[in-house]
Every structure is written in structure tokens, then in C-alpha cells.
Amino acid sequence: MTQLALVIDLNVCVGCHACVTSCKQWNTSGTAGALVDINPYGAEPNGTFFNRVQTFEVGQFPNTQTVHFPKSCLHCEDPPCVPVCPTGASYKRAEDGIVLVDYDKCIGCKYCSWACPYGAREFDEERKVMTKCTLCVDRVTDTALPASERKPACVLACPSNARLFGDIHDPESVVSKAIAERGGYQLMPEWGTSPSNHYLPRRKTEIRIHAEDLERVDNPLKIDGQLPEHAHRDPGREDFAT
Amino acid sequence: MQPAFSVIFLTTLIGAAQGLFLALYGTELINLGGLGPADSQRFLVTGSLVALVLSALGLVASFFHLGHPERAWRSAAMWRTSWLSREVIALPVFMLGVFLYGASHFLGWSNTPLIGAATALACLVLFVCTAMIYASIRFLQEWASPLTLVNYLLLGCASGMMLATLLAALSGLSALVQPYALTATALTLLAWVTRSLSLVRNARLKPKSTLQSAIGIKHPRIVQKAQGFMGGSFNTREFFHGRSPELLSTVKWGFLLLVFPLPLMCMALGVIAASKEMLFIAFFTQYFGLLAERWFFFAQANHPQNLYYQNIS
């Protein structure tokens, strides 16, 4: 069983909002119709977006980290928004696990948005139906596109490669490896929704400098035995070499 | 949550209609008040008509909640999984039952207890469906409790019983007024207890989701610096009432007064003084109180998605 998903690397997201604008551009130009923009140039601009980048400050000054946090539909493996839908407009595709809304069946009762703990669904005030991230289903399944472009618009737009896309049920996929090797986690695990999208945590960037790195190997004094050998208390390079 | 008036009117109107129908059916079942056949028929037909009108008004109100009311017929499809879909089926079934019950009394058929029993069953199913729409969303911890079901049932029955008392007084059936008033009092007192219990429960709730679990960073101090947009969105409109805690507190004490002690006092006065006006005031005071109660029920529910929308920038 395929489960397509995004893996978002919080370690490299720079909060540029390129995924937000590319998402809006792609999905507003698609066959499903434009994403509403109410008063876009006025004082209270408003509209439907499938993806947002939020910013959080973690820690107490001076030990703070700014975390940019992109949020879109997580395409849960057990999506709570699907069984509550009275019309069956909200559904999870069996072939690739994408959670979608059939805009022709949706009656706009908003009950599915109540049943999503992540606030991933947005009611479109013009079309009067519930909308959400489609994982660019019209891109990723389009065989007319070259294989390298069969990815969601947000993934292609990300300048820091913070968004990975693939099948999390395939242990050999880029996303599965990233989750396994870099501690990928799910949001709000307490509700048992099992989101498919995962986030990769921040990592401490550090450079390990060994004492021998600071020594000039061809120092003539050392060659002549006039400098004492450095006491190797720390593990040396060879101790890490595999 | 942002309270939606369409749903507030739907749940309070059908609650009263359901309570009223149960009162009528109970009256017929045990021949309460020892009414003559003509009085009994006149009262049961009138009562059924009132219950039918109230539930029809509720049904109309519910359409205002929909983005595409013309597609409402589709919502009966997913009854296997969705409580909302089940309610969409149960409400018309209940209305049909009330119509048949009233019509068979009007036509003087003898099969009314059977139709009444089936309709009473539909009525209870409808109570369960309506309440489970809210109680089944586990993320909304204020709603996810058996007390939600108990409150919808008891408040609906209390409201319907008050209406039955008023209707009995208006129809001049004094033999019914006192037993109805006593039942309404008992139901209102019981609902007072269970609604207070749910208020106490909700005041002690500890949110399961935190900002830490929402973004998956285990640090005691996390502050949102930007929510990603400034002009508001569905996420900032739908899930927060946008009122001050003082207003919320006022509404809470307001409904606690309007739903329970005030109508009980009015009804006691109305029964003692045989005053239809006081019974009229009792029912409508409680109904307005129930509107406030339902508004508060929605406003109090704190959706975990609000964790993502704490600061504009």
C-alpha cells in the first residue's frame, strides 16, 4: 500500500513562504477552480490557502531558536475528518493514501473541519465547499510531466530542500530513510490519527576539532623530535573512521 | 468554537419538539388526567401539530448552516460512519412519525399507540444522533463526554414538558397542567444537576494537546511569533468565539438562571394562580435560556487547532 506524504525538515526551513505562494499559484490555476481571494489588496486581505508557514520562538533569551514551521494537511493514515463527512465527499484514496474532498459532493457543513485537530481544512467562502491540500494530486499523478517534476508544487519551490516527498510505506524511499535516520516525528500523536506527513527535528550543528587537526604534521620541529608528542586524550580521527 | 445560530436554533427547536412529543405519547399511554376521548383527541392532535411545526422550523434553520443547501439530500449517504448523516435521517423519520401520530388521532384510528411507540423510538434515536455529533469528536474535550448526551436529552425533555404544560393550560385541560408541571420540574431539576456537572467537568479539563505536541518540540517555553498571515482566515474565524472571558462568564450565569430557577418559579406561580401568562413566560424564559446555553456550549469548546493561531505576528 502506497502512502504519499511530505517530510518537512525543520532544521533547514528558512521560513521564506515560497511553498505557500507556489501552492496558492498551482492550486488556484488548476481544474478544480480558483482558491478564493477576498479583498486581496485591501486592509483585511483574506483567502483560502492550503499551506502556511508559521514561526515559533523556542527557549528563553539569549538561548533561543527561531523555528519556521510549515503546516498543511498531514494526510493522516486514520483521518478523523473522513468518517464524519455525511455525504462521502471527504475520502482517502486507496491507491496512494491522499485525503481529498469531492467538491461536487460537499454540502459545506464544515463538520470535517471540526473533526480535524490540526486545522488543516479551510472553507472556501466563494465556492462554499471545504477545501484542503491535495498533495498536488493533479501534478504527482500526471504522467505527461517528466518524473522529476511529478512532485507537489511546494516541494519543487523549496529553495532549501526542506520538503521531501515520497511513499512512507516504502522503506527504501527518501522519506522513509529520512524519518528513520533523522528522528522524523508526527504532530499531536496523542490523538492516534497517525499523520503521514512527518517533521524532522532541529539538529545541533557542530564541528568536532581534534587536537591532531591543529598540529602541523610536517612541522620540522616535530620531525626532528624537538616537540613532544601531543597527549591524545580525546578520541582521534581514526577512532571515528569506518 | 464559533457558535452558529443555525445549529443553536436547530438543536433547541427539535429538543422542545421531541420533549413535547414524548409528553403527548406518555399522556396517551397511561391515560394521564383521565381525559374524555374528545378532549384527548383535540389535545393530542394540537400537540402533534406544534411538535411538527417546531421540528420543521429546526430543519429549516439547519439549512442555513450549509454552503450548498441544494445538495443537502446527499448527506444521508454516510450513515454507517457519520452521526451527522444519521441525524439527517432520524429527523425526517421523527417528523413523519409525529405527522402520522397526529393524523391517526385526527382520523380516529385505533393504531395510535403503535405509531406512538415507533415515533418515541425515533425520537430517542434522534436525541442520541444530535448529541453524538458533538460527543463523538474526541479532540473537543468539552463535548467528548456522556454528559453531552444526557444534557441534550434532559434539556430537550424539560423544554418539551414546559411547552406541554403551557399547551394543556391553553387547551383548558386543568387535569393535565399539574402532572405536566411536576414532570417538567423534575426534568428541569435533573438537567440542572447534569448541566452543572458538565460545567464542573469542563472547568477541570486539562487540554490533551499542547503547543509542544502541536509542533513536536519538547521545550517548556515556546512562543508563536507569526501565524503566517495577517488578515484572518477560516482557521481564525471558525474555531474561536472572539468574545471576552467576561462575556462568556455572563452568558454562563445567565443561562444557569434562565434555564433553571426562573422558569421553575414562573411555572409554580402559573400553576398556583392558574395563570396561562406565567406558564407562557416560563416556557419562553427557558427557551431563551436554552439558546444561551447552546451558545455557551459551542463557545466553551476549545479546539486544539487554536494552538497554531495564537499570535498574528
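Only a predicted model underlies this, so the values are computations on that prediction, with no experimental measurement involved. Residue numbers begin at 1 in each chain, while the letters A, B, ... track the order of the sequences.
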Exercise for review: Determine whether Thr87(A) and His68(B) make a side-chain contact, defined as any pair of heavy atoms from C-beta on separated by less than 4.5 Å.
Suggested key: no

Of the listed Trp83(B), Trp73(B), Phe239(B), the one with the largest count of heavy-atom pairs under 4.5 Å with chain A is Phe239(B)

Of Lys128(A), Arg121(A), Gln186(A), Glu125(A), the largest count of non-hydrogen pairs under 4.5 angstrom with chain B goes to Lys128(A)

Bottom line for Val67(A): the part with an atom under 4.5 Å from chain B's heavy atoms is side chain

Exercise for review: For Phe139(B) and Trp114(A), run side-chain contact (heavy atoms from CB on, under 4.5 Å): C-alpha distance rounded to whole Å, both residues' side-chain angles, the deciding distance at 0.1 Å, then the answer.
Suggested key: CA-CA 9 Å; Phe139(B) 322 113; Trp114(A) 297 6; over 6 Å; no

Open item on the list: When you compare the side chain of Met130(A) with that of Phe234(B), does any pair of heavy atoms fall below 4.5 Å?
Closed with: yes

So, the part of His17(A) with a heavy atom under 4.5 Å from chain B: the answer is side chain

With chain A, the option among Leu84(B), Asn306(B), Ile217(B) that has the most non-hydrogen atom pairs under 4.5 Å is Leu84(B)

Honestly, the part of Gln65(A) sitting under 4.5 Å from a heavy atom of chain B is neither

Bottom line for Ala4(B): the part with an atom under 4.5 Å from chain A's heavy atoms is neither

Treating Arg52(A) as the side-chain partner and Phe229(B) as the backbone partner, does any N or O pair qualify as donor plus acceptor under 3.5 Å? no

Applying a strict 4.5 Å limit to non-hydrogen atoms, the region of His65(B) in contact with chain A is both

Quiz item: For Phe99(B), does the CZ atom sit with more than 12 other heavy atoms under 6.0 Å from it, leaving out its own atoms?
Solution: no

Check whether any side-chain N or O of Gln54(A) sits under 3.5 Å from a backbone N or O of Tyr308(B) as a donor-acceptor pair, and report yes or no. yes

From the list Cys116(A), Ala43(A), Ala120(A), the residue making the most non-hydrogen contacts under 4.5 Å with chain B is Cys116(A)

Given Gln60(A), Glu44(A), Arg202(A), His68(A), the one with more heavy-atom pairs under 4.5 angstrom with chain B than any other is Gln60(A)

If one checks every heavy atom of Pro117(A) against chain B at 4.5 Å, the contacting part turns out to be both

One should read off an interatomic distance between Asn235(B) CG and Lys71(A) NZ, to the nearest 0.5 angstrom, of 5.5 Å

Scanning both residues in full, the closest heavy-atom pair of Glu122(A) with Ser233(B) reads OE1-CB, 4.4 Å

Of the listed Ala226(B), Ser6(B), Ser85(B), the one with the largest count of heavy-atom pairs under 4.5 Å with chain A is Ala226(B)

Looking only at heavy atoms, the pair that brings Asp104(A) and Arg74(B) closest together is O-NE, 3.9 Å

Scored by heavy-atom pairs under 4.5 Å with chain A, the best of Ala76(B), Gly231(B), Ser136(B) is Gly231(B)

Whatever's closer than 4.5 Å to a heavy atom in chain A on Ile133(B) counts as both

Next on the checklist: With heavy-atom distances below 4.5 Å as the criterion, would you say the side chains of Phe63(B) and Ile107(A) are in contact?
Outcome noted: no

So, the part of Met230(B) with a heavy atom under 4.5 Å from chain A: the answer is neither

Most contact-rich option vs chain A, by heavy-atom pairs under 4.5 angstrom, among Arg86(B), Gln310(B), Gln227(B), is Gln227(B)

Honestly, the part of Ile137(B) sitting under 4.5 Å from a heavy atom of chain A is side chain

How about Arg138(B) and Thr193(A): do any of their side-chain heavy atoms sit closer than 4.5 Å? yes

If you tally heavy-atom pairs under 4.5 Å between each of Pro83(A), Pro201(A), Gly42(A) and chain B, the highest tally belongs to Pro83(A)

Bottom line for Ser113(A): the part with an atom under 4.5 Å from chain B's heavy atoms is both

- request: Answer yes or no: does atom NZ of Lys151(A) have more than 12 heavy-atom neighbours from other residues, nucleotides or ligands under 6.0 Å?
  value: no

Correct closest heavy-atom pair for Met188(A) and Leu307(B) would be CE-CD1, 4.1 Å

If one checks every heavy atom of Cys109(A) against chain B at 4.5 Å, the contacting part turns out to be both

Tell me, do Arg237(B) and Asn46(A) make a side-chain contact under 4.5 Å, heavy atoms counted? yes

Okay, Arg80(B) and chain A: the region with an atom under 4.5 Å from a heavy atom over there is neither

The interface call for Arg127(A) against chain B, heavy-atom contacts under 4.5 Å, is backbone

Honestly, the part of Phe123(A) sitting under 4.5 Å from a heavy atom of chain B is both

Bottom line for Ala72(B): the part with an atom under 4.5 Å from chain A's heavy atoms is backbone

If one checks every heavy atom of Glu238(B) against chain A at 4.5 Å, the contacting part turns out to be side chain

Honestly, the part of Ile215(B) sitting under 4.5 Å from a heavy atom of chain A is both

Cut-off 4.5 Å, heavy atoms of chain B, and the answer for Tyr118(A) is both

Scored by heavy-atom pairs under 4.5 Å with chain A, the best of Ser209(B), Pro304(B), Gly228(B) is Ser209(B)

Heavy atoms of Cys106(A) and Arg71(B) approach each other most closely as O-NH1, 2.6 Å

Looking only at Gly59(A), Gly15(A), Pro45(A), most heavy-atom pairs under 4.5 Å shared with chain B are made by Gly59(A)

Counting only pairs under 3.5 Å, give me each side-chain donor-acceptor contact of residues 2-12 of chain A, with atom names and distances, residues two or more places apart or in other chains.
| unit_1 | atom_1 | unit_2 | atom_2 | d |
| --- | --- | --- | --- | --- |
| Gln3(A) | OE1 | Lys92(A) | NZ | 3.0 |
| Gln3(A) | NE2 | Gly97(A) | O | 3.1 |
| Gln3(A) | NE2 | Ser196(A) | OG | 3.1 |
| Asp9(A) | OD1 | Asn11(A) | N | 2.9 |
| Asp9(A) | OD2 | Arg182(A) | NH2 | 2.3 |
| Asn11(A) | OD1 | Arg203(A) | N | 2.8 |

Taking every heavy atom of Ser82(B) against every heavy atom of Val84(A), the minimum-distance pair comes out as OG-O, 2.6 Å

The interface call for Val88(B) against chain A, heavy-atom contacts under 4.5 Å, is neither

Would you say the side chain of Met78(B) lies within less than 4.5 Å of the side chain of Pro86(A), judging by non-hydrogen atoms?
no

In this structure, NE2 of His219(B) is separated from CZ of Phe56(A) (nearest 0.5 Å) by 14.5 Å

Okay, Val58(A) and chain B: the region with an atom under 4.5 Å from a heavy atom over there is both

